[in-house]
Visitor: 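For reference, the structure I am asking about is given below.
Side chains are part of it too, since the values below use all heavy atoms of this structure and drop only hydrogens, waters and symmetry mates.
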Amino acid sequence: MSADLTAFGDWLAVPSVLCLWTAVLLRAPGALRSPQQRGLWLAVATAAAAMTLNLPAVVAYAMSRDAAYAHTIGLVRNLIGVLSAGAVLYFVAAATGRRRLQLAAWTATVGWLAALVALDLAAPRHGTHTMPPVGDPVPSFAYWLVLISAHVTANTICVALCWRYSRRTGSRGLAAGLRLFGLGTALAGLFWLAYLLKALSGSTWAMPALPLLMNVHGLLRAAAILVPTLFTFRRTAADVATAWRLWPLWRDLVQAVPHVALNKPRAGRLLELLWPPVPRNLLVYRKVIETRDAILILGEYVAPGALETARGRVAGHGVPEQRRTAAALACVLREARRAKLAGLPGQTGESAGLELPAAIQTSQEGADLADEARFLVDVARAYTARSEPLDHREVESS
């Protein structure tokens, strides 16, 4: 059982490191520009570097070379690991806005690094740094005690503050990122606590689980820094879906009232999404604004009472109450567009027959672009569905 656990943990090493480097590269542009995210990114990047040097294949290769080479790889791996611990403390300090903690983080990191180098130089000639199942730690007990204390201290503080601030923040993305990072850090803390038990008491019962703990920690930290990317992707996917659904209504209205459009429509909606005429993050905004402006203008071609008549008709067709206004608006817009394209005269001022529904009145208190977009998506759905044209005699008789 122990051998299987260790084998699975070792197998997970390469996927974990690949995920870490993927996350580091994807987040680098945004994280390096943001002081709040820079510490988190540095912590994950240095952890990825240390875990890369700890891959079973890398360790085996280093051991197959001479002792000096194996020693260099082991020392560099541990120094990068301590730098990662310091970056974790810096991330926590930056997230909490505590400048004293930031200064303490870097001071402690420099102290730990200097102590490791000094203890390594003071030790007898040795190869790779290791804590064997039997025998004394290499290069020394003091060296490993400093290394373990750096990780345990940084991880304990990080887990406590990640948990506290994840419960206080109102941002779901930040809370998710803090919890994932805190959970991954907790696993790393257990990894180093097992080494502490081994150093102090010679206990080895937890050692088979260490590769699994370290590599799951890597996956969780990769997920933590990818949370903003995932939220951005979700927003982009939602915007693309909204723009796709709005396009038939927007295209028809813009054809009737072309001057409301900032850009000429593309040949098809797929091309519109793949090659948007405006920045992608403004695509839905422009569609909503231009659709609303076109509705205002086409309102001059709607007979008085037409919207209420249309509401009665769609109610008779079993349209749910929450979508009746949207379906009725779609009905009168279809007729208004035909009248506009046919060159019929419109009405102006108080004689215009269409008052905008509350959902798309910009003066409405608390009006929201997302609410407008949802309402217009309902209008577009009804507009593209087959329905009978509105009989003007019904309007006149109402």
Side-chain angles (χ1 to χ4, degrees), residues 1-17 19-20 43-44 46-60 62-63 70 73-75 77-86 88-89 112 116 119 126-160 162-163 179-224:
M1 181 66 179
S2 296
D4 292 340
L5 190 62
T6 301
F8 178 67
D10 287 339
W11 174 86
L12 200 60
V14 172
S16 177
V17 168
C19 287
L20 276 170
V44 177
T46 47
M51 289 177 65
T52 300
L53 293 177
N54 200 42
L55 287 172
V58 175
V59 173
M63 296 294 287
I73 293 295
L75 178 61
R77 178 178 63 237
N78 289 335
L79 292 178
I80 294 176
V82 169
L83 184 59
S84 177
V88 165
L89 281 179
W112 283 324
L116 287 180
L119 290 169
H126 56 279
T128 189
H129 296 181
T130 183
M131 190 177 290
V134 179
D136 295 331
V138 179
S140 67
F141 175 79
Y143 175 94
W144 277 92
L145 199 59
V146 170
L147 177 62
I148 293 169
S149 68
H151 285 284
V152 170
T153 301
N155 292 338
T156 302
I157 294 173
C158 180
V159 170
C162 281
W163 174 250
R179 286 169 186 165
L180 286 170
F181 193 84
L183 181 56
T185 303
L187 294 181
L190 292 176
F191 175 93
W192 289 105
L193 282 175
Y195 268 114
L196 183 62
L197 287 175
K198 171 66 173 63
L200 295 177
S201 65
S203 174
T204 60
W205 63 268
M207 302 302 280
L210 297 193
L212 182 62
L213 287 175
M214 181 53 64
N215 293 318
V216 173
H217 136 270
L219 293 174
L220 288 171
R221 282 194 171 179

Visitor: State the CG-NZ distance between L210 and K198, to the nearest 0.5 angstrom.
Guide: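 The distance works out to 11.0 Å.
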
Visitor: Looking at every non-hydrogen atom in both residues, tell me the closest pair between I148 and W192 and how far apart they are.
Guide: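 Result for this residue pair: CG2-O, 3.6 Å.
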
Visitor: Look only at the side chain of T6 and the backbone of P208, and say whether a donor-acceptor pair between them is shorter than 3.5 Å.
Guide: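 It does hold such a pair.
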
Visitor: Measure the CZ-CG distance between R221 and L180 for me, rounded to the nearest 0.5 Å.
Guide: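 If we round to the nearest 0.5 Å, R221:CZ and L180:CG are 12.0 Å apart.
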
Visitor: Between atom CG of L183 and atom CG of L220, what is the distance when rounded to the nearest 0.5 Å?
Guide: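 Result: 5.0 Å between the selected atoms.
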
Visitor: Would you say S84's side chain and A43's backbone share a donor-acceptor pair under 3.5 angstrom?
Guide: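 A pair under 3.5 Å: yes.
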
Visitor: Contact between P139 and H129 at the side-chain level, heavy atoms closer than 4.5 Å - yes or no?
Guide: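 Contact flag for P139/H129 side chains = yes.
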
Visitor: Show the numbers, then the answer: is there a side-chain contact (heavy atoms from CB on, under 4.5 Å) between M131 and F141?
Guide: CA-CA 9 Å; M131 190 177 290; F141 175 79; over 6 Å; no

Visitor: Are the side chains of L193 and V152 in contact, using a 4.5 Å heavy-atom criterion?
Guide: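 SC-SC contact between V152 and L193 confirmed.
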
Visitor: Just verifying a value: how many Å separate D4 CG and L212 CG, rounded to the nearest 0.5 Å?
Guide: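 Between D4 CG and L212 CG, I get 12.0 Å after rounding to 0.5 Å.
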
Visitor: For the pair W11 and F8, name the ring-plane relationship: parallel under 30°, tilted 30 to 60°, perpendicular over 60°.
Guide: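 Parallel.
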
Visitor: Looking at every heavy atom in both L116 and V82, which two are closest together, and how far apart are they?
Guide: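 It is CD1-CG2, 3.4 Å.
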
Visitor: Heavy atoms only: give me the nearest A222-C19 pair and the separation to one decimal.
Guide: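 Minimum heavy-atom contact is CB-O, 3.7 Å.
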
Visitor: Got a sec: does the CE of M207 have more than 12 other heavy atoms crowding it under 6.0 Å?
Guide: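 For M207, atom CE is crowded (more than 12 foreign heavy atoms under 6.0 Å).
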
Visitor: Under the rule for side-chain hydrogen bond (donor to acceptor under 3.5 Å, both in side chains), what residues qualify as partners of S149, not counting sequence neighbours?
Guide: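 For S149, no residue satisfies side-chain hydrogen bond (donor to acceptor under 3.5 Å, both in side chains) once neighbours in sequence are set aside.
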
Visitor: Going through the checks in order, is the side-chain contact (heavy atoms from CB on, under 4.5 Å) test met by V138 and T128?
Guide: CA-CA 8 Å; V138 179; T128 189; over 6 Å; no

Visitor: Going by ring-ring contact (aromatic ring centres under 6.0 Å, His included), name the residues that satisfy it together with W144, two or more places apart in sequence or in a different chain.
Guide: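 W144: ring-ring contact (aromatic ring centres under 6.0 Å, His included) contacts with Y195.
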
Visitor: What's the shortest heavy-atom distance between N155 and A188, and which atoms?
Guide: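 Smallest heavy-atom distance, with atoms named: ND2-C, 3.7 Å.
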
Visitor: Minimum heavy-atom separation for A50 and R77, please, with both atom names.
Guide: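 Heavy-atom minimum between the residues: O-CG, 3.6 Å.
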
Visitor: Return the set of residues passing ring-ring contact (aromatic ring centres under 6.0 Å, His included) with H217 (not counting sequence neighbours), or none when no residue passes.
Guide: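 ring-ring contact (aromatic ring centres under 6.0 Å, His included) list for H217, sorted by chain: empty.
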
Visitor: Please find the pair of heavy atoms, one from G218 and one from L20, that lie closest to each other, and give the distance.
Guide: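 In this case the closest contact between G218 and L20 is O-CD2, 3.3 Å.
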
Visitor: Find the distance between CG (L83) and CG (N78) and round it off to the nearest 0.5 Å.
Guide: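 Separation between the atoms: 12.5 Å.
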
Visitor: Can you find a heavy atom in the side chain of F191 that is under 4.5 Å from one in the side chain of V216?
Guide: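 They are not in contact (no side-chain heavy atoms under 4.5 Å apart), so the answer is no.
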
Visitor: Less than 4.5 Å apart, any side-chain heavy atom of L145 and any of L196?
Guide: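 With C-beta onward as the side chain, the pair touches.
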
Visitor: To the nearest 0.5 angstrom, please state how far the CG atom of L190 sits from the CG atom of L213.
Guide: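 CG of L213 is found 6.0 Å from CG of L190.
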
Visitor: Keeping the roles fixed (side chain from N215, backbone from P211), state whether a donor-acceptor pair exists under 3.5 Å.
Guide: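 Yes, because the side chain of N215 sits within donor-acceptor range (under 3.5 Å) of the backbone of P211.
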
